[in-house]
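Quick caveat: nothing in here was measured; it's all calculated off a predicted structure.
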Amino acid sequence: MSDELSKVFAALADPTRRDIVARLVIGDATVGELAAPYDMSLQAISKHLKVLEAAGLVSRTRDAQRRPVHLEADVLGTMTDWVRQHQRRAEERMSRLDRVLAEAGRHTPNHSQHQSEGEPS
């Protein structure tokens with residue numbers, strides 16, 4: 001799975017491919033429809049789609065004369081699960097650190113209590 005996850009993150013490292021995925025969240029689209037907002041050739045968009053396809057993020061189907069591109073949302077779910085798992089671990093670690101620091105703060109003598117009245121603060 002780690003290898004698959006690496007492919008997904010690598011595919012999404014490119015802003016054009018992230019845009020394509022964001023567009024496909026709305027619904028399936030043809031290569032021409034996906035290329036419309038960009039100043040690049042259909043061939044360039046097709047190359048981006050091949051990377052997304054190799055990562056398992058999109059698939060292409062045949063619908064009469066059209067070949068719509070479909071987002072494989074379950075792959076995004078796998079990526080999201082991975083991120084959430086590591087986020088949860090990081091938050092747990094920070095919570096433990098906060099508890100340790102709070103406990104240490106309760107045991108540290110207050111600086112102002114140790115100054116005599118004649119000493120400047």
query = Are Ile45 and Val25 joined in one hydrophobic group, where the rule is that I, L, V, M, F, W and Y side chains link up if heavy atoms are under 4.5 Å apart?
reply = yes

ask   = Is it true that Glu103 and Arg106 make a salt bridge, defined as a side-chain N closer than 4.0 Å to a carboxylate O?
value = yes

message = Distance check, rounded to the nearest 0.5 Å: Arg88 atom CZ versus Glu91 atom CD?
response = 9.0 Å

key: Atom of Thr16, atom of Tyr38 and distance for their closest heavy-atom approach   = O-OH, 3.9 Å

key: Hphob cluster co-occupancy, Leu76 + Ile26, side-chain heavy atoms under 4.5 angstrom   = no

ask   = If we only count heavy atoms from C-beta on, is the Val58 to Glu72 side-chain gap below 4.5 Å?
value = no

inquiry  = So, taking the atom named CG in Leu101 and the one named CE in Met94, what distance separates them when rounded to the nearest 0.5 Å?
reply    = 8.5 Å

ask   = Less than 4.5 Å apart, any side-chain heavy atom of Lys7 and any of Glu4?
value = no

ask   = What's the shortest heavy-atom distance between Val75 and Gly56, and which atoms?
value = CG2-O, 3.1 Å

ask   = Got a second to check how far Arg84's CZ is from Met79's CE, nearest 0.5 Å?
value = 10.5 Å

task = Verify the neighbour count for atom CD of Gln43: are there more than 12 heavy atoms of other residues, nucleotides or ligands below 6.0 Å?
result = no

query = Can you find a heavy atom in the side chain of Ile20 that is under 4.5 Å from one in the side chain of Leu52?
reply = yes

ask   = For residues 21-40, which residue pairs qualify under salt bridge (Lys or Arg N to Asp or Glu O under 4.0 Å), counting only residues two or more places apart or in two chains?
value = Glu33-Arg66

key: pair Val31-Arg67: side-chain heavy atoms closer than 4.5 Å   = no

query = Taking the side chain as C-beta and beyond, is there a heavy-atom pair between Val8 and Trp82 under 4.5 Å?
reply = no

request  = Look up atom CG in Leu12 and atom CG in Asp19, then write down how far apart they are to the nearest 0.5 Å.
outcome  = 11.0 Å

query = Got Arg60 and Glu53 here, is their nearest side-chain heavy-atom distance under 4.5 Å?
reply = yes

query = If you round to the nearest 0.5 Å, how far is CG of Leu49 from CG of Leu24?
reply = 7.5 Å

